[in-house]
Number of protein chains: 2
Amino acid sequence: MLSKKTKYGLKALAYLASQKEKAPVQISEIAKCENISQKFLESILLSLRKSGFLGSKKGKGGGYYLIKEPNQVLMTDVMRVLEGPIAMVPCVSLNFYEKCADCPDEASCSVNKLMLMVRDANLEVYRNNTLADLIIS
Amino acid sequence: MLSKKTKYGLKALAYLASQKEKAPVQISEIAKCENISQKFLESILLSLRKSGFLGSKKGKGGGYYLIKEPNQVLMTDVMRVLEGPIAMVPCVSLNFYEKCADCPDEASCSVNKLMLMVRDANLEVYRNNTLADLIIS
DNA sequence: TGCTTACTCTATTAAATTAATAGGATAATA
DNA sequence: TATTATCCTATTAATTTAATAGAGTAAGCA
């Protein structure tokens, strides 16, 4: 299941991507338009800034803005920051690999095999989509 | 992330599917071979029986056994019972549809659009695999 | 019949994760 | 220097997941 954090983060990014002007947008505006708890959204936007997706400006006229063009932002990168590993088990994760404690041998693990296919299917979707593709005309 | 319940459930099903004999296999044997808490596995196998994947036999020589041939068991069905919806948000779920509380209109929702693609990619994998495909020679 | 075996069922608890909230600190603008 | 809006840390609430406990039931067999 997609966490609220990811859901809200995606909505906020799409909101920023759909702005004509590149001027900073306030948290309160995004929270209001997208029905998101403002305080919760604060922490999400903060983490998106720290991972290099957003820039921010304090004080009057301040807010958040996209650093890159929407079509330069891969969904793989966004999802990894918001939701964590794309793989459903650490033993098939590209960026967060970890051996399973209960599994003596990955090559003979039935779960590993299936989850590898699932990971690849998901990667394909996320790699072929950017923030620009999320925007609804 | 895949829950332990699902992981253990898949391993147990694969274990049963790989049996030459169709004789019932005891919980304790599966738990031991797959490094699973026996009590936890009990409840998982019980739910797999109640959803029609497994049969059981009590008493001496008892245990669990597959009802269908492994190649007749679609992973879509298994995953829905063990893990729940395949979709990452209820608003794109085929079998567990629900409207999002925070989202006024699905057609104009950026998350909905992406998650629809993800769902389809996952469905494709699960539909093209059966329990028989999980077995490692 | 009575003993053993192994699944059945309910309830509880522990642990971990997620979601939300509170409140003050900091920086930019006018 | 007052106002605005992000920044940061800490805490709490809620939910979900994982594990455990223990008594109950049915089947097989001597």
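In what follows, every chain begins at residue 1, and chains take the letters A, B, ... in the order their sequences are listed.
- For A:Ser56, a side-chain nitrogen or oxygen approaches OP1 or OP2 of D:dC7 to under 4.0 Å.
- For A:Lys5 (side chain) and A:Ser43 (main-chain N/O), no donor-acceptor pair under 3.5 Å exists by modelled atom type.
- Grouping the Ile, Leu, Val, Met, Phe, Trp and Tyr side chains by contacts below 4.5 angstrom, directly or via other members, places B:Leu41 with B:Leu131.
- Of all nucleotides listed (D:dA19, C:dT29, D:dA26), D:dA26 comes nearest to the side chain of B:Lys58.
- What separates NZ of B:Lys7 from P of D:dA19 is a distance of 10 Å, to the nearest Å.
- A salt bridge links B:Lys39 with B:Glu42; the closest basic N to acidic carboxylate O contact falls under 4.0 Å.
- A:Leu45 places its CG atom 9 Å from the P atom of D:dC7, with the value rounded to the nearest Å.
- B:Leu54 has its CG atom 15 Å from the C1' atom of C:dA6, to the nearest Å.
- Residue-to-nucleotide contacts include no donor-acceptor pair under 3.5 Å from the side chain of B:Gln26 to the base of C:dC7.
- For the 3.5 Å distance criterion, the side chains of B:Gln38 and B:Ser28 fail to qualify, holding no donor opposite an acceptor.
- Projected onto DNA chain D by closest heavy-atom contact, A:Lys39 and A:Gly62 fall at different nucleotides, the more 5' of which corresponds to A:Gly62.
- Between the side chains of A:Tyr65 and A:Gln19, no donor-acceptor pair is found at a separation under 3.5 Å.
- Here the nucleotide nearest the side chain of A:Leu46, chosen from D:dA27, D:dC8, C:dA19, is D:dC8.
- Side-chain atoms of A:Lys60 lie closest to D:dT4 of the nucleotides D:dA18, D:dC7, D:dT4.
- Within residues 9-16 of chain B, no residue approaches DNA chain C, by heavy-atom distance under 4.0 Å.
- Atom OH in B:Tyr65 sits about 12 Å away from atom C1' in C:dC7, given to the nearest Å.
- Distance from the side chain of A:Tyr8 is smallest to C:dA20 among D:dA27, C:dA20, C:dT8.
- Look at CG on B:Leu82: it is 15 Å from C1' on D:dA18, rounded to the nearest Å.
- OP1 or OP2 of C:dT29 has at least one side-chain nitrogen or oxygen of A:Lys57 nearer than 4.0 Å.
- Atom CD in B:Gln38 sits about 13 Å away from atom P in C:dT8, given to the nearest Å.
- Residue A:Ser37 places at least one side-chain N or O under 4.0 Å from the OP1 or OP2 atom of C:dT21.
- Under the 4.5 Å side-chain criterion, counting only non-hydrogen atoms from C-beta, B:Val78 is not in contact with B:Tyr126.
- Among the protein residues, A:Ile27 comes within range of the sugar-phosphate backbone only, with heavy atoms under 4.0 Å from sugar or phosphate atoms but none that close to a base.
- The side chain of B:Lys50 places an N or O atom within less than 4.0 Å of a non-bridging phosphate oxygen (OP1 or OP2) of C:dC9.
- With respect to B:Glu69 and B:Lys22, a salt bridge is recorded, a charged nitrogen being found less than 4.0 Å from a carboxylate O.
- Residue B:Glu42 contributes atom CD, which lies 11 Å from atom C1' of D:dT20 at whole-angstrom precision.
- Residue A:Arg49 places none of its side-chain N or O atoms closer than 4.0 Å to OP1 or OP2 of D:dA5.
- For the residue pair B:Ser3/B:Glu83, the side-chain donor-acceptor check at 3.5 Å is satisfied.
- Atom C1' of nucleotide C:dT17 and atom NZ of B:Lys4 are separated by 14 Å, given to the nearest angstrom.
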